[in-house]
Amino acid sequence: MSLPYSKKVIELFLNPKNVGEIENPDGVATEGSPACGDIVTVYLKVDKESLKIVDVKFKSFGCASNIATASIVTEMVKGKTLEEAKKISWKEVVEEVGGLPPVKIHCSVLAVDALQAAIVNYEEKMGIQKEKEPTDENLIRKRLRHVIDPNTGKEIVGSNIIKKIDVKDGVINIILNMSEENQFANSIKEEIIEKLKYRWDVKEVNVSFEREKCLM
Ligand code: FES
């Protein structure tokens with residue numbers, strides 16, 4: 001049986017480059033694919049003067065196509081400035097690996113999205129992001145879309161876990177429909193704060209819990 005993958009995809013899947021973690025990364029992001037639920041994390045080290053990516057690593061829980069495209073995207077951006085890296089599209093990445101079957105395109109999108117999110121994370125931490133969209137409820141929902149509730153395996157956005165989001169004068173208050181006693185309550189809270197606290201217009205992020213009583 002012949003595989004629907006290019007030689008390059010197979011080669012990179014078997015011997016991916018830049019796999020692993022960077023300790024104390026300057027930028028880091030985990031993205032999940034809405035199409036398949038797989039996740040990938042990208043870590044960056046950035047030179048503060050030149051804004052060049054001096055090191056980049058990834059950890060993928062995705063498929064062969066994701067591993068191959070994440071591997072090539074890390075090779076493509078090493079040594080590039082953040083602005084150059086931002087221009088890389090999933091189409092270029094797919095070309096670089098010699099093409100992917102249509103059903104696997106989303107795996108390359110996931111790799112590029114994780115890189116772009118790690119760049120945004122760095123820029124927000126350093127306060128150098130160019131597009132200063134206001135942090136409103138929509139943006140918060142977008143930011144939190146890949147935070148997963150380990151109790152159910154579902155994303156907290158779109159399920160009934162987020163009870164209320166309130167933003168006023170840079171203070172975000174989020175109420176989760178969950179008991180504070182829940183074993184994952186604290187880690188979900190920390191993940192939410194981490195994803196929002198570096199926003200340019202955010203001063204404070206508060207997450208509280210309010211379990212709805214089951215009336216049954
Ligand atoms: Fe999930 Fe490829 S099928 S990343």
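One-based numbering along the sequence shown. In this text the structure is predicted, and so the values were computed from the model without any measurement. As a basis for the values below, the full set of heavy atoms in this structure was taken, side chains included, without hydrogen atoms, waters or symmetry mates. Atoms within each ligand, like the ligands themselves, are counted from 1 in listed order.
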Asker: Is there a donor-acceptor contact under 3.5 Å linking the side chains of T41 and T30?
Answerer: yes
Asker: Which atom, among the N/O/S set of D38, is closest to atom 1 (Fe) of ligand 1?
Answerer: OD2
Asker: With heavy-atom distances below 4.0 Å as the criterion, list the atoms of ligand 1 near C36.
Answerer: 1 (Fe), 3 (S), 4 (S)
Asker: Salt bridge or not for K87 and E83, using N-O below 4.0 Å?
Answerer: no
Asker: Testing the 3.5 Å rule here: is there a donor-acceptor pair between the side chains of N24 and K45?
Answerer: no
Asker: Atoms of ligand 1 less than 4.0 Å from N66 heavy atoms?
Answerer: 4 (S)
Asker: Could you check whether N151 and D149, counting side-chain N and O atoms only, form a donor-acceptor pair closer than 3.5 Å?
Answerer: yes
Asker: In terms of atom number and element, which parts of ligand 1 are under 4.0 angstrom from non-hydrogen atoms of K104?
Answerer: 2 (Fe), 3 (S)
Asker: Would you call E123-K86 a salt bridge at under 4.0 Å N-O?
Answerer: yes
Asker: Would you say C107 has an N, O or S atom lying under 2.8 Å from atom 2 (Fe) of ligand 1?
Answerer: yes
Asker: Considering only heavy atoms, which of C63, S65, S108 lies nearest to atom 2 (Fe) of ligand 1?
Answerer: C63
Asker: At a 4.0 Å threshold, what atoms of ligand 1 neighbour a non-hydrogen atom of H106?
Answerer: 1 (Fe), 3 (S)
Asker: Taking atom NZ of K132 as the centre, report whether more than 12 heavy atoms of other residues, nucleotides or ligands fall under 6.0 Å from it.
Answerer: yes
